[in-house]
Trainee: 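Shown below is the structure under consideration.
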Amino acid sequence: MSSRPPPADSHEQILAVVRRIPYGRVASYGQVADRAGLPRRARLVGHVLRCAPAASALPWHRVVNAQGRISLAPGSDAYREQRERLEGEGVVFIRGRIDLARYGWQTSLDPLLWAEP
DNA sequence: GCCCTGACGTGAA
DNA sequence: ATTCACGCCAGGG
């Protein structure tokens, strides 16, 4: 058996994880890779997303880098589209950054976990 | 085949 | 906060 999943499977795994990111939340490339069973393959996630058609139903915009910043050239069309999609879901940008403690997927400050009665 | 680049991450200085 | 180095590896030239 292979110690590593074949490329095709890796792509499917990554896409599957991205599809699971909830509305209004964001996940980092590393987090997606991790949950896809591909630790330290953050760059592969970026590559897969780049190859993925923008017209697909994939919520690619919910994937940002570990600093809560959009990893696309600031000012580019792609950058604007990702930011607009996220803001449309209620995600707030502060000086170009997203507070991962609040909008990150499955973080300790998840409002659902700390919700008061 | 080799070399460089890149939608990244982490840790150290 | 910023810079540097290293790990990882698919594609393109």
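None of these values were measured; they are calculated from a predicted model.
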Trainee: Rounded to whole angstrom, note down the C1' distance from C:dT2 over to B:dA7.
Mentor: 22 Å
Trainee: Checking contacts here: which listed nucleotide (B:dG9, C:dG11, B:dA7) is nearest the side-chain heavy atoms of A:H47?
Mentor: C:dG11
Trainee: Could you check whether A:R83 makes a cation-pi contact with A:F93, meaning its NZ or CZ is under 6.0 Å from the centre of the six-membered ring and within 45° of the ring axis?
Mentor: yes
Trainee: Please determine, for the side chain of A:L49, which listed nucleotide (C:dG11, B:dG9, B:dA7) has the closest atom?
Mentor: B:dA7
Trainee: Which donor-acceptor pairs under 3.5 Å do the side chains of residues 65-75 of chain A make with protein atoms, sequence neighbours left out?
Mentor:
residue, atom, partner, partner atom, Å
A:N65, OD1, A:Q67, N, 2.9
A:N65, OD1, A:G68, N, 3.3
A:N65, OD1, A:R69, N, 2.9
A:N65, ND2, A:R69, O, 3.2
A:N65, ND2, A:S71, OG, 3.1

Trainee: State whether A:R80 and A:E84 are salt-bridged, where the test is any N-O pair (Lys NZ or Arg NE/NH1/NH2 against Asp/Glu carboxylate O) under 4.0 Å.
Mentor: no
Trainee: May I ask you to say what A:R40 touches in the nucleic acid, namely base, sugar-phosphate or nothing, with a heavy-atom cut-off under 4.0 Å?
Mentor: sugar-phosphate
Trainee: Measure from CD on A:Q67 to C1' on B:dG11 and round the result to the nearest Å.
Mentor: 13 Å
Trainee: When you measure from the side-chain N and O atoms of A:R41 to the phosphate of C:dC8, is any distance below 4.0 Å, counting only OP1 and OP2?
Mentor: no
Trainee: Quick one: A:R69 CZ to C:dT2 P, roughly how many Å, whole number?
Mentor: 9 Å
Trainee: Starting at the 5' end of DNA chain C, which residue's closest nucleotide do you reach first, A:H11 or A:R43?
Mentor: A:R43
Trainee: Please report the distance, rounded to the nearest Å, between CD1 in A:I14 and P in C:dA10.
Mentor: 10 Å
Trainee: I need the CD-P distance between A:E81 and B:dA7, as an integer number of Å.
Mentor: 16 Å
Trainee: Please classify the nucleic acid contact of A:R97 as base, sugar-phosphate, or nothing, using heavy-atom distances under 4.0 Å.
Mentor: sugar-phosphate
Trainee: To the nearest Å, give me how far apart CG (A:N65) and C1' (B:dT10) are.
Mentor: 13 Å
Trainee: Hey, are A:R62 and A:E89 close enough for a salt bridge, meaning a charged N less than 4.0 Å from a carboxylate O?
Mentor: yes
Trainee: Rounded to whole angstroms, how far apart are CG on A:L72 and P on B:dG6?
Mentor: 13 Å
Trainee: A:I98 and A:Y23: same hydrophobic cluster, using ILVMFWY side-chain contacts below 4.5 Å?
Mentor: no
Trainee: In this structure, how many angstroms lie between the P atom of B:dC8 and the CG atom of A:L44, rounded?
Mentor: 12 Å
Trainee: I need the CZ-C1' distance between A:R85 and B:dA7, as an integer number of Å.
Mentor: 14 Å
